[in-house]
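The structure appears right after this line, and notes come after that.
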Number of protein chains: 2
Amino acid sequence: MSKNLEFTYKLRSSGLRPTRQRLKICEVLFNRDKTFHFTINDLAKDISKQLNEKISLATVYNTVHAFKNKGYLKEISINSDKNYFDTNTTSHHHFFDQDTNELIDCTDEVVETPKIKKNILGKKINSVEVLIKVATDNQNQK
Amino acid sequence: MSKNLEFTYKLRSSGLRPTRQRLKICEVLFNRDKTFHFTINDLAKDISKQLNEKISLATVYNTVHAFKNKGYLKEISINSDKNYFDTNTTSHHHFFDQDTNELIDCTDEVVETPKIKKNILGKKINSVEVLIKVATDNQNQK
DNA sequence: ATTATATATTATAATTATTCTAAACTGTTG
DNA sequence: CAACAGTTTAGAATAATTATAATATATAAT
């Protein structure tokens, strides 16, 4: 299982012990080709579906936050009731589909990162991100 | 008290009964020249400071949500632990100061609304907003 | 003005999401 | 393999928000 070795190395290199639970969570999160957007609850459900064993919710929280702190995940706040994480940790933009509560990454073809002409004195810009909220147009539906 | 009459009219015209509590909350929220960013907790505290009487927290929640639904307030999610409301209901951009957790409106001089070159099929763009996260630059401090 | 009605307020309970705790367990090092 | 530090776990604790149901109030009808 070379994927597992890969994850083991990844964890170890960032000072995280490659425990059974963390490796399982790595599998679920990083063993995919597309960017994955999820809430912690979604992830916990996914895990109990995909795996025969259960991982404690507290461990899922701990692990996701550990991964976020190590830069393997990015946290995204779109609305007050859902808190998303993203496996794409680069600075990038999003569509948010208000009908389905789905979060979709934007490519450069969709929107360019806007230029900031003035900054706040003494501060450094850490990120510039665009959020595009979309929904079905009821006025104008085919 | 002409301000009060103004608020009474505003509430009534949107189908909200101008109750004592709602008028007080209007005073605290809209009787200012600058845009006001707040969390519901902040607002509840402000109210009990500024006014001699107390308004139940449930009422503050109800009222803020009613005002948001009527378009008098805008909800803004920046991070998972704080949920902000904004008296500036136009689509606009923000600085978020990660040192102080302060939210600051951007003018057009700071950043232009980016153009969206491709949209998701069958969806309408409801808003395009830029969030600029800033913090003290420790590498490069004067 | 008085009454009737629908709506709003309130304290409190309930719910939800998240974090804390402390005991049991496991990965790593020597 | 023994010892230790880090990790997991269930459940308790906390915080934010929403629901509930009794009481109060604003408005409309009389």
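Hydrogens, waters and symmetry mates are skipped; everything else that's a heavy atom, side chains included, is used. Proteins get letters first, then strands, A, B, ... in listed order; numbering begins at 1 in each.
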Any side-chain donor near an acceptor of the partner, B/Asp86 and B/His92, under 3.5 Å: yes
d(OH, B/Tyr61; P, C/dA14) in whole Å: 19 Å
Rounded distance in Å - CG (B/Asn62) to P (D/dT17): 13 Å
Rounded distance (Å) that lies between atom P of C/dA17 and atom CG of A/Leu43: 15 Å
Contacts of type salt bridge (Lys or Arg N to Asp or Glu O under 4.0 Å), residue B/Arg12, not counting sequence neighbours: none
DNA chain C-proximal residues of residues 10-22 of chain A, any heavy atom under 4.0 Å: A/Arg12, A/Arg17, A/Pro18
A/Lys117 atom NZ, over 12 foreign heavy atoms within 6.0 Å: yes
Euclidean distance, atom OH of residue B/Tyr9 to atom C1' of D/dT27 [Å, nearest integer]: 18 Å
Side-chain ion pair, B/Lys74 and B/Glu129, N-O less than 4.0 Å: yes
B/Ser14 and B/Tyr72 side chains, donor-acceptor separation under 3.5 Å: yes
Net bend of the helix from C/dA1-D/dT30 to C/dG30-D/dC1, end axes of five pairs each, nearest 10 degrees: 30°
Side-chain ion pair, B/Lys118 and A/Glu109, N-O less than 4.0 Å: yes
Plane angle bin for B/Phe96 and B/Tyr84 - parallel if under 30°, tilted between 30 and 60°, otherwise perpendicular: perpendicular
A/His65 vs C/dT18: side-chain N/O to OP1/OP2 distance below 4.0 Å: no
d(CG, A/Asp42; P, C/dT16) in whole Å: 16 Å
B/Glu112 atom CD, neighbour heavy-atom count above 12 within 6.0 Å: no
Side-chain N,O (B/Thr59) to OP1/OP2 (C/dT10) below 4.0 Å: yes
